[in-house]
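What follows is a single structure, written as structure tokens, with notes after it.
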Amino acid sequence: MTIDRPIAPETRRGLTHLQRLEAESIHIMREVAAQFERPVMLYSIGKDSAVMLHLAAKAFYPSRPPFPLLHVDTTWKFQDMYEMRERMARRYGMDLLVHINPEAQAHGINPFDHGSAVHTDIWKTQGLKQALDKYGFDAAFGGARRDEEKSRAKERIFSFRSAGHRWDPKNQRPELWRLYNGRIGPGESVRVFPLSNWTELDIWQYIYLHDVPIVPLYLAAERPVVDRSGTLIMVDDERMRLHPGEQPVMRSVRFRTLGCYPLSGAIESRAATLPEVIQEMLLARTSERQGRLIDHDQAASMEKKKQEGYF
Amino acid sequence: MPSDDRLLAQDIEAYLDRHQHKTLLRFITCGSVDDGKSTLIGRLLYDSQLILDDQVSGLRKDAKAGTEEENLDLALLVDGLAAEREQGITIDVAYRFFHTERRKFIVADTPGHEQYTRNMVTGASTADLAVVLVDARKGVLTQTRRHSYLVRLVGVRRVVLAVNKMDLIGWSRDEFDRIVAEYRAFAARLGIKEVQAIPMSALKGDNITRQSDHTPWYDGPTLMQHLETVEVANEAASGPLRMPVQWVNRPNLDFRGYSGLIAQGTVRPGDAVRVTPSGRTSTVTRIVTFDGDLDEARAGQSVTLTLADEIDISRGDVLCAADAPAEAAAQFEADIVWMADEALLPGRSYLVKMGAATVPAQVTEIKHRIDVNTLDEMAAKVLELNEIGRCNLAFSRPVPFAPYAETPDLGAFIIIDRISNATVGAGVIHFALRRSQNVHWQALAVDASARAGLKQQKPACLWFTGLSGAGKSTIANLVEKRLHSLGRHTYLLDGDNVRHGLNKDLGFTEADRVENVRRVAEVARLMSDAGLIVLVSFISPFRAERRMARTLFDEGRFFEVFVDTPLEVAEARDVKGLYKKARAGRLANFTGIDSPYEAPEQPEMHIHADQVSAERAAAAIVERLAEAGLFRA
């Protein structure tokens, strides 16, 4: 009645852990290219996106990846990120689509007047849905990892979304072996997470080993910041609203995660090279998303955002 | 050798190099509800010092009370979904990542409830080892047996029996020995040879990462010691080359590559390859990657191969070593675990995805289902949610395969519902059934078009579907009369009449109804092959079967006629008195009453039978057939 599975291929001698992760991610991307009509890669310009984009280039070489990049822009990203975005699209020869939610723009939604929750919901969550509907994408790659956050630990690699982009965590499709079911009905879509099994350390190590370009903000440098109840916010442009009496000061800081600059907390650091960053990260006892203010609003907030359509 | 911690602080490059070359163990934790799975994983993470400060403060926030550190609810670390936290159970598989100085680990924490078996199987399918938890107070339970069966089914060969909550039975060695003996007896029957039993308390941390003072009688490893040292089968990727082609890489006219993940074996430029199922051969010219061409690639790598010859290869084909190619077959014996609320019905058409191939398929026979408690083989006509059965499976065309025990990537499959697109089942192939290969189609000298030509008509099938009493047979009869008077050659297959003869062995259960329709569809096809215009008048309530019938006919030769009468009208007519009986509970599985009718979504013809007369409907149908060019009116 029973049978032996000889050897899971990923545990065979010879391939390093990173090589195995890379092979898995490439396999996932090719499945999407083969199974879907209109895939897209969501590009957030962060380090995970950088690795995902690099893997896409590898997966389809010598062809260019058979899908465009989509950046759902909030207009509040760091200037360094915008430069990086243009540079990467050119480097990998991919079409770059930028979506800016026109309603958010019309209402001047910003993190200062509207708070992080509203800002994020309207620019990112609603903006993403608009963009996906506008172009009719049926599959969207995202750079989320299972080690980031508790509800993400439960996400499938092919994560099914109903016609309203909703995620039903209680009713996810079973996902066995390497057999990804990409079949969907009209209006339905799939979010695909090729980096699901990577950890933050894996991402950094891969960037280091393969010289993957990243935004310089990840490395420590003297930058103008203000200290807001222990969170260091960088004053990236003239839109930053200073409290009365507040003066930006130059501190040596770096960022663990990058989002909208008024919502991304920097940490004090002298780690100016990748190995130093990795070293500091491993020695630190604080987890990655802490630097992102959006998660602290309520417990299980990420799951709620995902049900509503945010990544 | 310096410790990880020292390297990290003093020589980050050396640390990274060591880390990169660590081995990986993927394991799954499973067992019954409340056995403490989530607590165990929380404990592993906590004791490996991978719980970070802000996560611990998150736990405190979650617990909403100033808890002491030793009483932190470690399960909250891994029960991520709000729905789970409310119910205090784990409903979906959660993946956790940690590493020690020896290894990297990916652990799948899987749900205990039987209703979430599909999530448990999801986690098991990629695991090298299973940690099966039992509550020392309760011993081996049904779920323990079910999960052990399932992990074995998907190929996990190593099991840790974690006898948890030993503190609650006073660290009783006798009790431990009794549980272990019972489990070993069961595991042996499943063919699980490696069982490491460990007495522990996940809550208190005994025998997880540190040896317990409470178990002087236990001289085995702690859980962490075992996980760090258990042998991960890692013999080189032996066996001949197998690479399922995922994607054909064509950037321009000068380049044609075949992309895929190598499932087995190694490949080098110059190797002779054979394509299954076409049997064509060629030679590998390059192994192309972004980082430059490779001299060799082996199992587990994602690559792109180019060949010396232009041969037709598409997604789902498998590139094989030329001297030892994979076989292709269309009929198999397989074990299936069913994961949907709606039962698996033999004869129903599903999609099967295996390797990179997706094909229509049906279960032709359920040989038996397994009672996971007793391992008894039980007779079964259908497979219900969470049931496991040994089945015969027929694909619509031959597909490259290997028994799962030989090459998992070529022997594992999922089953997809054709309407909802959900993944409804999964299975593993044991072997191909030879009988299909010995029954070849006879090529006949007089073919369908010759026969039809003599009748000066194009054969077709008109499939009348609708509720009992909708007026299907009345309209079908009138259509046939009209066709006959036009000199057309016809035959009418009526549901009631067929049930008196060909299908008199079938009842009205879902499974029998599926078979009923399957047989009629096949008969209709034979008759259309004989050149006839076939009229089928059958309730045929399920979309899936009507779709299956449609696939038997050429494009444009199948006409679904939806005789649409509201239930109240049909019931009021009740020509045969059946609705009355069904309402009185004397007739089970009656369509529209206690069995569903799935209305056609895009019928070729939609007759609102309560609004037009049968005569007018019949005339319209005949007109439509003439328009479709079946004959000259």
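We use all heavy atoms of the structure for the numbers below, so side chains are in, but hydrogens, waters and symmetry mates are not. Lettering of chains follows the sequences in order, A, B, ..., and the numbering in each one begins at 1.
- A 4.5 Å side-chain heavy-atom check between V277(A) and Y218(A) finds every atom pair outside the cut-off.
- Heavy-atom distances place the side chain of L351(B), and not its backbone, under 4.5 Å from chain A.
- Taking the centre of each ring, F67(A) and F141(A) come in below the 6.0 Å mark.
- With a 4.5 angstrom heavy-atom cutoff, Q205(A) touches chain B only via side-chain atoms.
- Between the side chains of Y404(B) and W177(A), at least one donor-acceptor pair of N or O atoms lies under 3.5 Å.
- Using a 4.5 Å cut-off between heavy atoms, V303(B) contacts chain A through its backbone alone, with no side-chain atom that close.
- The candidate from L201(A), D202(A), L209(A), L179(A) with the greatest count of non-hydrogen atom pairs under 4.5 Å with chain B is L179(A).
- Contacts of S25(A) with chain B are absent, with no heavy-atom separation under 4.5 Å from either backbone or side chain.
- Between the side chains of R256(B) and N249(B), no donor-acceptor pair is found at a separation under 3.5 Å.
- When heavy atoms are compared at a cutoff of 4.5 Å, F160(A) does not approach chain B at all.
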Stepwise side-chain hydrogen bond (donor to acceptor under 3.5 Å, both in side chains) test for Q264(B) and D409(B): CA-CA 9 Å; Q264(B) 176 181 292; D409(B) 279 346; over 6 Å; no
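- Proximity to chain A is limited to the backbone of T289(B), based on heavy atoms less than 4.5 angstrom apart.
- The candidate from K353(B), E13(B), Q301(B) with the greatest count of non-hydrogen atom pairs under 4.5 Å with chain A is K353(B).
- Only one option out of R156(A), E175(A), Q172(A) pairs with N119(B) in a side chain to side chain donor-acceptor pair (under 3.5 Å); it is R156(A).
- In summary, of the residues considered (R254(A), R270(A), R256(A)), a salt bridge (Lys or Arg N to Asp or Glu O under 4.0 Å) with E280(A) occurs for R254(A) alone.
- With chain A as partner, the option from F413(B), F255(B), F290(B), Y15(B) having the largest number of non-hydrogen pairs under 4.5 angstrom is F290(B).
- Residue contact with chain A, scored on non-hydrogen atoms closer than 4.5 Å, involves the side chain of D291(B) exclusively.
- Classified by interplanar angle (parallel below 30°, tilted 30° to 60°, perpendicular above 60°), the ring pair H27(A)/Y180(A) is tilted.
- The aromatic rings of H210(A) and H54(A) lie tilted to each other, with the angle between the two planes from 30° to 60°.
- Using a 4.5 Å cut-off between heavy atoms, R64(A) makes no contact with chain B at all.
- If you measure heavy-atom distances from N197(A) to chain B, the contacts under 4.5 Å come from both the backbone and the side chain.
- Top candidate by heavy-atom pairs under 4.5 Å with chain B, chosen from I278(A), I184(A), T199(A), is I184(A).
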